[in-house]
Amino acid sequence: MSDAVFDKVRSALAGAVSESSVAHGILVLVTEPANVSAIAQVLKEHLGFDLFLDVTAVDWPDREPRFDVVWHFYSTREFVRVRLKTRVPADDPTVDTLVPLYGSARYMERECHEMYGIVFRGNADLRPLLLYEGFVGHPLRKDYPKQQEQPLVPYRR
């Protein structure tokens, strides 16, 4: 069943996807950052991937471009998942927001921005969600100094 759905997705997105494979029963698509919004729109509006599961990033500090930004979608009609990946450089880690398509992306993008520093162009609210205002750095980047102290309130002695 999922092979037929995967073939349909590959066919519909053939020109916009540079790589595709299946890993752990999930179709994995790799594309350029400029194609992400258009691919997500096709996935939702034409292929039935009506549920946006999450967005995250993977930090590859010794690779250029440094970050993989990864989105997961689910079809409640076909019961299959799709993973969409793109690569962005450390000096401009920017991709388009998916908020116009999936409202829940607003909060997931905030978390990804906070933890990795990925900027979601078009998301007007990238305030910290898990950390406090004024926190310096992005704690899930591999070069973040894990021993760094950032107290919210001054220590009392």
Next on the checklist: Does F135 have more than 12 heavy atoms from other residues, nucleotides or ligands lying within 6.0 Å of its CZ?
Outcome noted: yes
Next on the checklist: For a 4.5 angstrom cut-off between non-hydrogen side-chain atoms, does H72 reach R83?
Outcome noted: yes
Item to check | Aromatic contact, Y74 with F49 (centres under 6.0 Å) | outcome: no
Checklist entry - Okay, side chain of S75, backbone of V80: is any donor-acceptor separation there less than 3.5 Å? => result no
Item to check | Close side-chain approach of T97 and R121, heavy atoms under 4.5 Å | outcome: no
Next on the checklist: Quick check on K142: does its NZ atom have over 12 non-hydrogen neighbours (other residues, nucleotides or ligands) under 6.0 Å away?
Outcome noted: yes
Checklist entry - Quick one: do R141 and D143 make a salt bridge, cutoff under 4.0 Å? => result no
Checklist entry - Do you reckon L140 sits in the same ILVMFWY cluster as W60, going by side-chain contacts under 4.5 Å, direct or chained? => result no
Next on the checklist: Is there a path of hydrophobic side-chain contacts, each under 4.5 Å between heavy atoms of I/L/V/M/F/W/Y residues, joining V9 to L101?
Outcome noted: yes
Next on the checklist: Classify the ring geometry of F120 against W71: parallel below 30°, tilted from 30° to 60°, perpendicular beyond 60°.
Outcome noted: perpendicular
Checklist entry - Do L130 and E111 have side chains that get closer than 4.5 Å, going by heavy atoms? => result yes
Checklist entry - Would one find more than 12 heavy atoms of other residues, nucleotides or ligands at under 6.0 Å from atom CZ of R110? => result yes
Checklist entry - According to a 4.5 Å side-chain heavy-atom criterion applied to Ile, Leu, Val, Met, Phe, Trp and Tyr, with indirect links allowed, do I26 and V69 form part of one hydrophobic cluster? => result no
Next on the checklist: Is the positively charged end of K44 above the ring of Y102, judged by distance under 6.0 angstrom from the centroid and angle within 45° of the axis?
Outcome noted: yes
Checklist entry - Tell me, do V99 and E109 make a side-chain contact under 4.5 Å, heavy atoms counted? => result yes
Item to check | Min side-chain heavy-atom separation L98-V36 under 4.5 Å | outcome: yes
Next on the checklist: Set out, in order, the CA-CA distance, both residues' side-chain angles and the distance that settles side chain to side chain contact (heavy atoms under 4.5 Å, CB included) for V28 and V22, then state yes or no.
Outcome noted: CA-CA 6 Å; V28 180; V22 176; over 6 Å; no
Next on the checklist: For a 4.5 angstrom cut-off between non-hydrogen side-chain atoms, does S2 reach E78?
Outcome noted: no
Next on the checklist: Just so I know, are the side chains of V95 and V88 near enough to count as touching, which here means a heavy-atom distance under 4.5 Å?
Outcome noted: yes
Checklist entry - Would you find more than 12 non-hydrogen atoms of other residues, nucleotides or ligands less than 6.0 Å from R106 atom CZ? => result no
Next on the checklist: Donor-acceptor check, side chain of D50 to backbone of T76, threshold 3.5 angstrom: yes or no?
Outcome noted: yes
Checklist entry - Would you call R66 and D59 a salt bridge, taking side-chain N to carboxylate O under 4.0 Å as the test? => result yes
Item to check | Close side-chain approach of F73 to L84, heavy-atom, < 4.5 Å | outcome: yes
Checklist entry - Can R10 and S20 be counted as having a side-chain donor-acceptor contact under 3.5 angstrom? => result yes
Checklist entry - Considering residues, nucleotides and ligands other than E32, do more than 12 of their heavy atoms fall under 6.0 Å from its CD? => result no
Checklist entry - Do you reckon V70 sits in the same ILVMFWY cluster as L13, going by side-chain contacts under 4.5 Å, direct or chained? => result no
